Amino acid sequence: MTANTQQDPEQYGSDTATPADLPTQYAPAEVEGKLYERWVERGYFEADPKSGKPPYTIVIPPPNVTGSLHIGHAFEHTLIDALTRRKRMQGYETLWQPGMDHAGIATQNVVERELAAEGKSRHDLGRAAFVERVWQWKAESGGQIAGQMRRLGNGVAWGRDRFTMDEGLSRAVQTVFKRMYDDELIYRAERIINWCPRCLTAISDIEVDYQDDDGELVSIRYGEGEESVVVATTRAETMLGDAAVAVHPDDERYAHLVGKRIKLPLTDRSIPVVPDAHVDPEFGTGAVKVTPAHDPNDFAIGQRHGLEPIEVLDERGIVTVHGPFEGLDRFEARSTIVAALRAEGRIVSEKRPYVHSVGHCSRCKTTLEPRLSMQWWVKVAPLAKAAGDAVRDGKVDIHPQELSQRYFDWVDNLHDWCISRQLWWGHRIPVWYGPGGETVCLGPDEQPPSGEGWTQDSDVLDTWFSSGLWPFSTLGWPEKTEALEKFYPNSVLVTGYDLLFFWVARMMMFGVYAMDGVPPFHTIALHGMVRDEHGKKMSKSFGNTVNPLVWMDAYGSDAVRLTLASGANPGTDVPIGEDWVKASRNFANKVWNATRFALMNGATVQGPLPAPEEMTAEDRWILSRLNAVITETDAYYDDYQFAKLSDTLYHFAWDEVFDWYVELTKTTFQKGGRPAEVSGRVLGEVLDVLLRLLHPVVPFVTETLWTTLTGRESVVIAAWPADSGFRDEAAEREIGTLQRVITEVRRFRADQGLQPGQRVPARLSLDGTSLAAHEDAIRALLRLEPEGEGFAATASLPVAGATVALDLSGAIDFAAERKRLTKDLGLAEKELKQTTAKLGNDGFLAKAPDDVVAKIRTRREAAEADIARITEQLAGLPTA
RNA sequence: GGGCGCAUAGCUCAGCGGUAGAGCGCUGCCCUUACAAGGCAGAUGUCGCAGGUUCGAUCCCUGCUGCGCCCACCA
């Protein structure tokens, strides 16, 4: 067995830099930018479709070109970058596909707000000029986003950068649209849709945000005398469009009215009373006003009873009915109409506060208006079935698995998807209408029939239509490109759980449809949302949002990345605060200084690793631990446990390598000779591997240190460490004992009030403890002088078979020592009592595993020994 | 109304049948020539409440309370 952990046996170069190249503090700002540009120039991040290596593909969830990136993007990018960097090191042909999303309605709104500030509207510019203006905005925003991604260190294939509205992706959109149109999966129909009176467009069901709003429920009497009925509503203005009153078919209270017509107040119309099972007789009066043109349920009732929808509001929510209310905004109309009804004595119970959930536009928060409208739809059922089955059949894994239930609930209950938007920024619907009412759908490169009078549909597609094609459109589809062949399906999709429906489900549907049933990824890894340091949701209105650039400037990109990765437990939200970023920066600095120290002491990666027989126990111990950590790290990576892997590496590096191994080797280095050479090589090895393990998460500091340490080109293309299988349990036990001895004596010293630097004469009895070889290290770490003339032990500490006798006659505080020993005695007695009780428990002995029983036996023996020892010490202590 | 999840140290969170853990914060001592962005040592918890299973429960089961998220509906 060998302790060599190198995956590739190639020798390192000899031009190892000197520690003089490294300043005493890590200054991220000075290295990060240069390193990134170098990586890009060398083409490390580009993906070669012709490569013989196995592919590893992740497409970026394309950021919206609505401005700049927020901390949530930095989080997502950190995870993706770490995954791809590791796979690249593992020898995969990795593609992190970059790109951005035109984000139809969101971006159009941003530019419209800009125009509004100039006192203009998009109509002042006209469609072509407005779209041109949005392209300008896109260039600006896109540049900012790309800059932020570079700062963060994202290893994306810039050579393959795409945009949802670039030529190729637009062809993909048109190709899919045409194919689905021909397959009758896309159709046009008039339905009640969610209409935003501010954005002036239809939106789909999932773009509706429901909020509880304070409303008022008013009860209104329709009809006269015997033939009257009371209905309740929060939207009195819609009564102008009422087409019926509905009651439950079995409701005897209204049986006499069914089939009759009653007078609609404030109008000269009368409306029928219809029986409909949708009505809940228990709710309110059991009678419902029916407004088919302005309510989805009412529309359904209307269809069942052949009622004509009566539109009373226009696209801006203004009343269009001739009469006293014409021209009023919907909210003005509501109060005005209630007042008018009251004047006529129609309000039978005063309006009362009523909290109910109301749909708002997810983009501009305006209260939505259900509206009857002609729109384009995707027939979702067959696609959703296939998308659901892909997960059910195990072709695609959703991680964490709990979220797959949500996915199924959604794809199994989908309504058809409204894909047309009355916007200007987006992919125009490729349908043309002829002068004689003809309709043709065009594929790419097809022209509308010649002749006068052909016009293209003025609507654009929902932005999620194009992003739904992202996993293959970015690879050149519909062309049969080499990239498509190599990199589809994608290996993993990394995105937030908030996009499960908006984006993930759509990609699944389009993927299985367009790519012959092959779903777009093997694994869907869903992460949570970044929250503030108190776990609160970040929002602009709350003022707790974070610009990642600010922290990157202050603490470095690595610090931001490490903080984000450390918080990433699968599927759960990630709190982040500045103090944590600082702590990560401290870690980067610690790694920096440890490496600096190592280089100053002759740590090297030159030559083969010495044989274990030549090594000290601490050498073998740290290599044993190192290999165990490699395996642990791999397991966490494969399970997307970023917090766990970050934590593991953080503690291994800081606690074990820096605080113990480096400290223990100091004495070896001081003495020099062959043991120092061996430890220098081991330390070089440990750092080499550790830096490679850390690189995917903290790429910059590791690159600087690793290239200095090894003299090689770049850790980006270094081999990912492999567990050599080297383990040395004896060494691990030995060093564990050593640590106990040192900690115990340190505690004693601290309890005695000794200054850390104060040197104390001591006699060490280490025979038979395996610690004999560590005497020098023990003395160095504990500041113990050799026992000189007149040595008189005043304290004797037996630890793990060893005894450390100290002459504290110059410094000791006997009263404090007595107090400490008394306390220890109490603890030991308690321990003895507990363990004795446990071992006297037959049930425990019968069922507990052997190792647990053995552990408790050992504990009892230790407690007995402690009691004896402490009692003896107390007895021997001079009374002050 | 349906579904999912959470309640552990002051804060943010791991752990999940066998003496409670981390980071930050806190206390004390130290500029011990890699690092004060550091070192060493230390304190802090009825593991939400009530039952149950078990030799043993923070961990499993049931109920309760509080909180969060998703979906649907709300005249």
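Lettering follows sequence order; numbering is per chain, from 1. These numbers come from a predicted model, not from an experiment.
- Counting any heavy atom pair closer than 4.0 Å across all strands shown, A:Lys289 reaches no nucleic acid atom.
- The pair A:Glu785-A:Arg759 meets the salt-bridge criterion, since a charged nitrogen lies less than 4.0 angstrom from a carboxylate oxygen.
- Residues A:Asp647 and A:Tyr636 have side chains that never bring a donor and an acceptor to within less than 3.5 angstrom of each other.
- B:G5 and B:U19 have their C1' atoms separated by 31 Å, with the value rounded to a whole Å.
- A straight line from CZ of A:Arg857 to C1' of B:G18 spans 15 Å, rounded to a whole angstrom.
- Contact check, A:Lys582 against B:G23: no side-chain N or O comes under 4.0 Å of OP1 or OP2.
- Inspection of the A:Glu207 and A:Ser204 side chains reveals an N or O donor paired with an N or O acceptor under 3.5 Å.
- Remark: P of B:A41 and CD of A:Gln755 are 16 Å apart, rounded to the nearest angstrom.
- Between A:Asp579 atom CG and B:G23 atom P the separation is 15 Å, expressed in whole Å.
- Taking atom CG of A:Leu526 as the reference point, atom P of B:G5 lies 15 Å away to the nearest angstrom.
- In this structure, A:Tyr26 reaches the bases: a heavy-atom distance under 4.0 Å links it to at least one base atom across the strands shown.
- Map A:Gly843 and A:Asp573 each onto its nearest nucleotide of RNA chain B; the residue landing nearer the 5' end is A:Asp573.
- Comparing the same atom, C1', in B:U8 and in B:G45 gives a spacing of 8 Å after rounding to whole Å.
- Rounded to an integer number of Å, the gap from A:Phe587 CZ to B:C24 P is 12 Å.
- Place A:Lys644 and A:Arg783 on RNA chain B by their nearest nucleotides, and A:Lys644 ends up nearer the 5' end.
- Heavy atoms of A:Lys666 sit under 4.0 angstrom from at least one base atom.
- Within 4.0 Å (heavy atoms only), A:Asp842 reaches no atom of the nucleic acid at all.
- Between the C1' atom of B:C6 and the CD atom of A:Glu402 lies a distance of 12 Å, rounded to the nearest Å.
- As the counterpart of B:C4, B:G68 is assigned, both hydrogen-bonding distances of the Watson-Crick or G-U wobble pattern falling under 3.5 Å.
- Salt-bridge annotation for A:Asp639 and A:Lys644: absent, with no side-chain N of the basic residue lying under 4.0 Å from a carboxylate O of the acidic one.
- A cation-pi arrangement is present between A:Lys666 and A:Phe597 under the rule of less than 6.0 angstrom and at most 45 degrees off the ring axis.
- Of the candidates B:C29, B:G42, B:G38, B:G42 carries the atom nearest the A:Arg747 side chain, counting heavy atoms from C-beta on.
- When heavy atoms are screened at a 4.0 angstrom cut-off, A:Ser566 is found touching no nucleic acid atom at all.
- Summarising the geometry, the separation between CG on A:Leu649 and P on B:G23 is reported as 15 Å, rounded to the nearest angstrom.
- Nucleotide B:C4 holds its C1' atom 13 Å from the CD atom of A:Gln401, rounded to whole Å.
- No hydrogens or angles were tested; on distance alone, a donor-acceptor pair under 3.5 Å links the side chain of A:Arg585 to the base of B:A37.
- No side-chain donor from either of A:His415 and A:Asp205 sits under 3.5 Å from a side-chain acceptor of the other.
- Pairing of B:G51, defined by two Watson-Crick or G-U wobble distances under 3.5 Å, is identified with B:C61.
- Pair assignment for B:C13 gives B:G21, based on Watson-Crick or G-U wobble hydrogen-bonding distances that are each under 3.5 Å.
- Applying the Watson-Crick and G-U wobble criteria (two distances, each under 3.5 Å), B:G28 pairs with B:C40.
- Side-chain N/O atoms of A:Gln641 and base N/O atoms of B:A14 include no donor-acceptor pair closer than 3.5 Å.
- Here A:Thr743 lies in heavy-atom contact (under 4.0 Å) with sugar-phosphate atoms only.
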